[in-house]
Amino acid sequence: MLAAFSITPIGTGESVGDQVATAVRVIRDSGLAYRTAASFTEIEGEWDQVMGVIKAATDAVLAESDRCSIVIKADIRPGRTNMLHTKVEAVERRLAE
């Protein structure tokens, strides 16, 4: 499973960098392959692993904020691995043509 998700703290003021760092720390410590960009983090693993990390990251944000919003997009392809990199590499190959 490859999931792109965003956890947004609500009611913490204009800057949410501290809460985002807290969430990314949980994701990093999970040991799963991930990539963080400006608005979303992508993470790859088995369904229960990925959803468990998203829940743990959400719980960590909620420990610092009274409310949060979560957006999740998932690509579920049983038997596929390393999609975090191979999907981007496939596009890059096409761009190089």
Side-chain angles (χ1 to χ4, degrees):
M1 169 184 208
L2 181 62
F5 68 101
S6 173
I7 304 169
T8 305
I10 298 173
T12 60
E14 187 174 326
S15 176
V16 295
D18 289 340
Q19 292 85 4
V20 170
T22 295
V24 172
R25 191 171 292 112
V26 170
I27 297 159
R28 180 184 63 200
D29 292 347
S30 75
L32 295 180
Y34 77 96
R35 176 175 40 225
T36 298
S39 295
F40 282 87
T41 293
E42 296 172 301
I43 187 169
E44 184 172 8
E46 297 297 319
W47 175 276
D48 290 338
Q49 294 173 310
V50 169
M51 297 309 278
V53 171
I54 293 171
K55 181 183 183 324
T58 301
D59 289 344
V61 169
L62 286 172
E64 299 178 8
S65 174
D66 292 335
R67 183 179 178 191
C68 69
S69 172
I70 306 169
V71 175
I72 304 171
K73 178 181 183 220
D75 184 355
I76 303 165
R77 296 180 75 185
R80 299 288 179 119
T81 59
N82 200 29
M83 291 190 308
L84 189 64
H85 299 102
T86 57
K87 290 180 84 167
V88 174
E89 290 167 357
V91 172
E92 290 295 335
R93 274 194 311 276
R94 287 170 175 83
L95 290 171
E97 295 175 354

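Numbers here are sequence positions counted from 1.
When the side chains of ILVMFWY residues are joined at heavy-atom separations under 4.5 Å, either directly or via intervening members, V61 and F40 end up in two distinct hydrophobic clusters. L95 and V88 fall into different hydrophobic clusters, where Ile, Leu, Val, Met, Phe, Trp and Tyr side chains are chained together by heavy-atom contacts under 4.5 Å. By the rule that hydrophobic residues join a cluster once side-chain heavy atoms approach within less than 4.5 Å of another member, V53 and I70 end up as members of one cluster. Placement of I76 and V71 in two distinct hydrophobic clusters is found when ILVMFWY residues are connected by side-chain heavy-atom separations under 4.5 Å, directly or transitively. Note on V50 and M83: separate hydrophobic clusters, where clusters join Ile, Leu, Val, Met, Phe, Trp and Tyr whose side-chain heavy atoms are under 4.5 Å apart, directly or indirectly.
The closest side-chain heavy-atom distance from I72 to M51 is below 4.5 Å.
Residue R35 qualifies as enclosed at atom CZ: its count of foreign heavy atoms under 6.0 Å is above 12. Within a 6.0 Å radius of CD in E64, more than 12 heavy atoms belonging to other residues, nucleotides or ligands are found. Within a 6.0 Å sphere centred on CZ of R28, heavy atoms belonging to other residues, nucleotides or ligands number more than 12.
Between the side chain of E44 and the backbone N or O of L84, at least one donor-acceptor pair lies under 3.5 Å.
A distance of 12.0 Å separates CD in Q49 from CD1 in I54, rounded to the nearest 0.5 Å. Here the straight-line distance linking atom CZ of F5 with atom CD1 of I27 works out to 3.5 Å at 0.5 Å rounding. Between atom CD of residue E42 and atom NZ of residue K73 there is a gap of 9.0 Å, rounded to the nearest 0.5 Å.
Here the shortest heavy-atom pairing between T58 and C68 reads CG2-SG, 3.7 Å. Looking at every heavy atom in both residues, A57 comes nearest to V26 through N-CG1, 3.7 Å. The minimum heavy-atom distance between A60 and T22, with the atom names listed, is CB-CG2, 3.6 Å. Residues I10 and S65 come closest through the heavy atom pair O-OG, 3.3 Å.
Using a 4.0 Å cut-off between a side-chain N of Lys or Arg and a carboxylate O of Asp or Glu, D75 and K87 qualify as a salt bridge. Salt bridge D59/K55: present, at least one basic N to carboxylate O contact under 4.0 Å.
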